[in-house]
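In what follows, a single structure is set out as structure tokens and then discussed.
This structure is a prediction, so every number in the text was calculated from the model and none was measured. We use all heavy atoms of the structure for the numbers below, so side chains are in, but hydrogens, waters and symmetry mates are not. Letters go in sequence order (proteins before strands), and every chain restarts at 1.
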Amino acid sequence: MYVEMRRINKTFDGFQASKDVNFGVYKGQLAALLGPSGSGKTTILRMIAGLDRPDSGDILINGNRVNDIPGSKRGIGFVFQNYALFRYMTVADNIAFGLEVQKKSKKEIKDRVEELLELVSMQDLGKRYPNQLSGGQRQRVAFARALAPDPQLLLLDEPFAAIDAKVRRELRTWLKQMIGRVGVTSIFVTHDQEEAVEVADTIIITNQGRIEQIGTPEEVCRYPQTEFVKDFVDAERFEALMAIKKNGNNRCQNSPFCGTIN
Amino acid sequence: MKDQIEHSYEQDIVGDDIYSIRKVIEPHRDDVDHVMKYVLIGIAAVFLSVMLIMPLAVVILNALRDGWQAYREAVLDEYTVKALQLTLLATVCAVAVNTAFGLFASYLLSKFYFRGRQVLASLIDIPFSISPVIAGLVFILTFGKIGWMGDFLKAHNIKIVFAVPGVILVTIFVTFPFVFRELFPVMNAQGKDEEEAAALMGAGGLMIFRRITFPHIKWALVYGVVLCTARAMGEFGAVSVISGHLRGKTNTLPLHVEILYNEFNTTAAFAVSSILVIMAVIILIIRSFIERKRKI
Ligand SMILES: Nc1ncnc2c1ncn2[C@@H]1O[C@H](COP(=O)(O)OP(=O)(O)OP(=O)(O)O)[C@@H](O)[C@H]1O
Ligand SMILES: [Mg+2]
């Protein structure tokens, strides 16, 4: 296990946002936290990143308990739900920020920024400011910025939420490829089943602060273990998705579920 | 949906100027009712003339009534200069203290969650709702001879009431919320995501402030400082109570104006007033410049 949550509890002002959360993600895997709004997905992600502290339980990264290690020392890249790009810095400066903090040399920073701009196909947009970018471009910058310091673990909070449905589909294929190419262990949050099924190796289903089920997309869709999962996961839609996946047909026109997506 | 999100992001970017009047009076393509428009313009013009422009003209005209020489004498009078110095001193102190405090308080209240957050935010506004005269009295009762801290201060030979420190203290008190009020909404609207993102990359507090928080609040800060300056210079009530009106010692410009006026030295009174008016106009110009800047 690369990341492990052991018996994590977290309460905000008397509201329990995480209840006995247990799960693990293997190295190099892409895991999805899937659940309805308010089910505690962001809370889990923030605790792994060290932005919130659990009330009890252990967080392990690479076998080490990191509860008392500040987030910046956990080797994590974080993509925020609204990207949280530094709005007074150019795209290039955004990406360079983490490297500057690490006091890398000018040349090193410049090379790395160029490399990342290329990775996310934004070579020509380095001088732009975040408000001069489209939603999809912002997301790619956020992704590049998170990857710049070479994290061992990438956390993404609803990376596609702010992007319109058409582009979303493209972007998630892109993201999956990118993550595969970089080979970084990743956990992303979503409340969209289709997204989770299409992108993730493992799906972790959350509900009211609890983990309901963990498994491959196939497992959670075909063999739901709780009533909640059974209701939440749309098995028919899953089969349709699998069919599309198998046929390598990403264009969606042939699927009866095109209209119902999102 | 995309448009919506784009839009809200744009709003975020320019979110600072939600308080700018400019936005409200942006021209509409078609005026619905021309008569209404001109009636309203007329009312506004008359009102502004009677309430603002006329009084200001009176100040300037009266100040120069006995000629340039008399004006010069009144302005360069020893006590006037002393009063001006004290006013500037009190203003600088108030601005310095309230800027520092405003920065800390708004950072604290916008980036951290804790019990009593709301209470603290309302406490800071108290000087807005208390009459300055009462503020002056409160300080006398706290630091004066019969006050709570009277014995302590006397034992240590510190004089606050009827002395310069008192004047400075009440000025700080009266202008307390200005910088905070300008900064807080801006910092709050910014959220803390960017700061958290930077912190996750290992940036320290100072770097985060310098690179992320400050660029965002820059103009709000300057604006707050300008408002604070204007208010501090003009403060009368609280200062009047606590200063004891010691000419050449604890008199600020507004107090000096009052004294001159009560002595039927009208020309001098208006001449000294004109200093305040000129400073106010300068501030007004700076202020509108900033408003424009903040809009960009
Ligand atoms: N800082 C906080 N203070 C108080 N309550 C909080 C805080 N953060 C989260 N909560 C509560 O914890 C619960 C879980 O929140 P969380 O943000 O983890 O949900 P989520 O699954 O990410 O939802 P969404 O899909 O809407 O983003 C919610 O009911 C929320 O109101
Ligand atoms: Mg969330």
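Both the backbone and the side chain of Ala197(B) come within less than 4.5 Å of a heavy atom in chain A. Heavy-atom distances place both the backbone and the side chain of Arg211(B) under 4.5 Å from chain A.
The shortest non-hydrogen separation linking Ala49(A) to Leu200(B) is O-CD2, 3.3 Å. Smallest separation of non-hydrogen atoms from Ser72(A) and Ala199(B): CB-O, 3.4 Å. Between Val101(A) and Ala203(B), the shortest heavy-atom distance links the atoms CG1-N, 3.6 Å. The shortest heavy-atom contact between Glu196(B) and Phe80(A) is OE1-CE2, 3.7 Å.
With a 6.0 Å radius and a threshold of 12 heavy atoms from other residues, nucleotides or ligands, Leu206(B) has its CG atom at or below the threshold. Counting non-hydrogen atoms of other residues, nucleotides and ligands closer than 6.0 Å to CZ of Phe104(B) gives a total of 12 or fewer. Within 6.0 Å of the NZ atom in Lys27(A), the count of heavy atoms belonging to other residues, nucleotides or ligands exceeds 12. Atom CZ of Phe114(B) sits in a crowded spot, with more than 12 heavy atoms from other residues, nucleotides or ligands closer than 6.0 Å. More than 12 heavy atoms of other residues, nucleotides or ligands lie within 6.0 Å of CZ in Phe12(A), so this atom counts as buried by the packing criterion.
Test Glu100(A), Arg145(A), Gln102(A) against Met201(B) for side chain to side chain contact (heavy atoms under 4.5 Å, CB included) and you get one pass: Arg145(A).
Atom CD1 of Ile208(B) and atom CZ of Phe97(A) lie 6.5 Å apart (nearest 0.5 Å). To the nearest 0.5 angstrom, Glu194(B) atom CD is 14.5 Å from Tyr83(A) atom OH.
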